[in-house]
Number of protein chains: 2
Amino acid sequence: MKLQQLRYLAAIAQSELNITAAADRLRASQPAVSRQLKLLESELGFAIFQRKGRALTKVTPHGAQVIARALRVLQEAQAIKRIADETKGEELGALSIGTTHTQARYVLPEVIQKFRSLHPSVDLHLHQGTSEQIAEMARLNRIDFAIATGSQELFETYWLLPCYRWHRMIIVPKSHPLAKVARPTLDQLAAHPIVTYVFSFDGPSSLNEVFARAGLKPTVALTARDADVIKTYVRLGLGVGIIAAVAIDAAQDDDLVRIDASHLLPAHTTWIGVSRGGLLRRYMYDFLHLLAPHLTRRMVDRAIRAHSPAEFDAVFAGMDLPFKGATARDAAASAPETLSRLSR
Amino acid sequence: MKLQQLRYLAAIAQSELNITAAADRLRASQPAVSRQLKLLESELGFAIFQRKGRALTKVTPHGAQVIARALRVLQEAQAIKRIADETKGEELGALSIGTTHTQARYVLPEVIQKFRSLHPSVDLHLHQGTSEQIAEMARLNRIDFAIATGSQELFETYWLLPCYRWHRMIIVPKSHPLAKVARPTLDQLAAHPIVTYVFSFDGPSSLNEVFARAGLKPTVALTARDADVIKTYVRLGLGVGIIAAVAIDAAQDDDLVRIDASHLLPAHTTWIGVSRGGLLRRYMYDFLHLLAPHLTRRMVDRAIRAHSPAEFDAVFAGMDLPFKGATARDAAASAPETLSRLSR
DNA sequence: TACAGTTACGGACCGCGTAAGCATA
DNA sequence: TATGCTTACGCGGTCCGTAACTGTA
């Protein structure tokens, strides 16, 4: 068994079992990859992939185990390389981030701008996707960081460092009946069709839950994956928008009336996930610090050295996480339960 | 970086930094090992070992990190090989166990006899040592299982599966004043010089602690590393022996009076440690089951799949661990605190 | 002078890419 | 016929072991 073979194997797993695509990614010839896979399989004595004709169709049960182990081997090997890079004071490197629309569009631009000026020679890769897609990138070691809100159950092999909290905000056109109501009730809100995120309707602090507890059943006019789409349809008068406060653009959204919803809906926590057992380069610590000032190298090291979720949580226990986004007043009043449950 | 280089590196680390010895172990020539180490160091760009002249003297700080990662790489690679062996229904294999004198001498013979008849072609390696020595073997991935009592803090990267509990027993020659006392008190015990294990004097349930809580200060005549030595000196009249109940040999120790000490001294738990993240072969599950019948494959899998010590402990919570050793009566009365703290 | 690591050298092997072959949709 | 994996072939590099060398106790 060679490291190279495991690298090739990982690339195939990351390329939807397409050997040609894997070879391209590896800058190797297709026969080379094909041959090494075959050699590995024959050394192990069983098929990692199921074939139909010559094409790979799916991963065998044993193959899945091998791939999982191979990914861990490669992660450790990468960590060794990074130790070397660090000792050289090497400023070169890459930083791959998987994140959702809201973060990529409204939060990260500022962070990334600062980061680029701090580390101009680090290659930045931003991969936008749904929580599930990001979890898949994480599983295949394709990203260094995952930034998202909720969906903690998808990231079992990551440490999820809490970054900041945010409230949701109601947006309506100026002509809308709610435009004049500074502090609407749930009843008032439920009286209008709602336009919000797809994923806002699942999970324990979902809109559905909140309304249900009040004995209400809201009408959903439309669900979208990002705030820009929601704003567009709110402008068209389709309904009342509920978006993350961070997704408000003070200048561009001037035509919309923004109403704080922090008295109605619980706060969310955005976290950044780092692979357990991975090694962070110096510039990665810098990124964490830029994203969330409380994530100093000291704090991060303490957290990721944890041997258990409980130990991990203890590092952030009692910490006052900052709120982010427009009109995030009286935020501190909210219970810190999301925070303490973050690592599960 | 090649897997082979990491293998060589690990062998050097396991051979007290002696390259020649490492080469012998690897059945490779000494220049080959030397050369690959040098190639690895030059690829990484820093020294893994400090040298004095040409000889390696110690591990550099960065080198220690590299070695730790390398060991993990090799463990994962070994796990992949084992997956292959399992699919072949391969009965060949090896089982290395690190353990203490008491287990090796009094408990394991029976287990190993059964195991050998079940898996005659598996190579068995038993390494006896102190807890510290066993921990070192464990750290270097040189053993599959570690069996010991206490010293849990030395095995942070292992899951410690509880095997059985045992009480200590007092042994005296027939002529000794205590020989007639069926149920001695701590005061009576403290009146005589004591002969017991070295390690019985450390830790939270140590003899020192127990006597101190009763306001007593026993005289220690001699401390030994194993029960056979203790018995020898008890026979010579040096003092009262306190040994593990499992270390009583019904036939050979007929000349000694054995007095149950379970009312005086708390019970101990013997555990078997398996590397976290390692892969267990079928015969390894069989060994666990032979050693401790409650360690079925089902239970073991549930335990080692745990993501945290708490989750791990939950698997064994409420389980009635059997007692082992001569006259282990009314054992169930003891509190299960040792058990619940086992994984820490 | 014994010991431990390094350097030198020649041979075996291994993995690569190119190019041609062959199944499946 | 396009796509995607496999086979054939020749080259270059890599790794090994033997043997001679060098610094240290």
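Throughout, a chain's letter reflects where its sequence line sits, starting with A, and its residues are numbered from 1. Every heavy atom of this structure was used, including side-chain atoms; hydrogens, water molecules and symmetry mates were not.
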Report summary line: Separation of D:dG4 atom P from A:Asp24 atom CG, nearest Å, is 10 Å

Query raised in the report: Base, sugar-phosphate alone, or nothing: which one does A:Ser29 contact when heavy atoms must sit under 4.0 Å apart?
Result: base

Report summary line: Of D:dC5, D:dT22, C:dC16, the nucleotide closest to the side chain of A:Thr20 is D:dC5

Query - Atom pair distance, as rounded to whole Å: CG in A:Leu37 and P in D:dT7 - result: 12 Å

Report task. Name the closest nucleotide to the A:Lys38 side chain, picking from D:dT7, D:dT14, D:dG4. Result -> D:dT7

Query raised in the report: Take atom OH in A:Tyr233; do more than 12 heavy atoms of anything else shown fall under 6.0 Å from it?
Result: no

Query raised in the report: What about A:Arg51: does its side chain form a donor-acceptor pair under 3.5 Å with the base of D:dC5?
Result: no

Query raised in the report: Rounding to a whole Å, what distance do you find between B:Leu39:CG and D:dC16:C1'?
Result: 12 Å

Query raised in the report: Below 3.5 Å, does any donor atom in the side chain of A:Arg35 face an acceptor in the base of C:dG17, or the other way round?
Result: yes

Query raised in the report: Within this structure, what is the CD-to-P distance between B:Gln36 and D:dG17, rounded to whole angstrom?
Result: 10 Å

Query raised in the report: Looking for any heavy atom pair under 4.0 Å, which part of the strands does A:Phe49 touch: base, sugar-phosphate only, or nothing?
Result: nothing

Query raised in the report: Does a side chain donor of either B:Arg72 or B:Gln75 reach within less than 3.5 Å of an acceptor in the other side chain?
Result: no

**Report entry** Rounded distance (Å) that lies between atom C1' of C:dA25 and atom CZ of A:Arg54
**Finding:** 15 Å

**Report entry** Phosphate-side-chain proximity, A:Gln4 and C:dC16, N/O vs OP1/OP2 below 4.0 Å
**Finding:** yes

Query raised in the report: For the pair made of CG in A:Asn18 and P in D:dT3, what is the distance, rounded to whole Å?
Result: 12 Å

Requested in this report: Classify the angle between the aromatic ring planes of A:Phe115 and A:His119 as parallel (below 30°), tilted (30 to 60°) or perpendicular (above 60°).
Outcome: tilted

Query raised in the report: Nearest-Å distance, OH (A:Tyr8) to C1' (D:dC5)?
Result: 16 Å

Query raised in the report: From the list C:dA25, C:dC14, D:dT22, which nucleotide is the closest neighbour of the side chain of A:Lys52?
Result: C:dA25

Query raised in the report: Salt bridge or not for B:Arg281 and B:Asp85, using N-O below 4.0 Å?
Result: yes

Report task. Take the protein atom CD of A:Gln5 and the nucleotide atom P of C:dC14, then report the distance between them rounded to whole Å. Result -> 11 Å

Report summary line: Per atom distances to the B:Ala28 side chain, the nearest of D:dT14, D:dG17, C:dG21 is D:dG17

Query raised in the report: Under a 4.0 Å N-O cut-off, is there an ion pair linking A:Arg297 with A:Asp301?
Result: yes

Requested in this report: Name the residue closer to the 5' end of DNA chain C, choosing between A:Ala32 and B:Ile19 according to the nucleotide with the nearest heavy atom.
Outcome: B:Ile19

Query - Touch class at under 4.0 angstrom, heavy-atom based, for B:Gln30 against every strand present - result: base

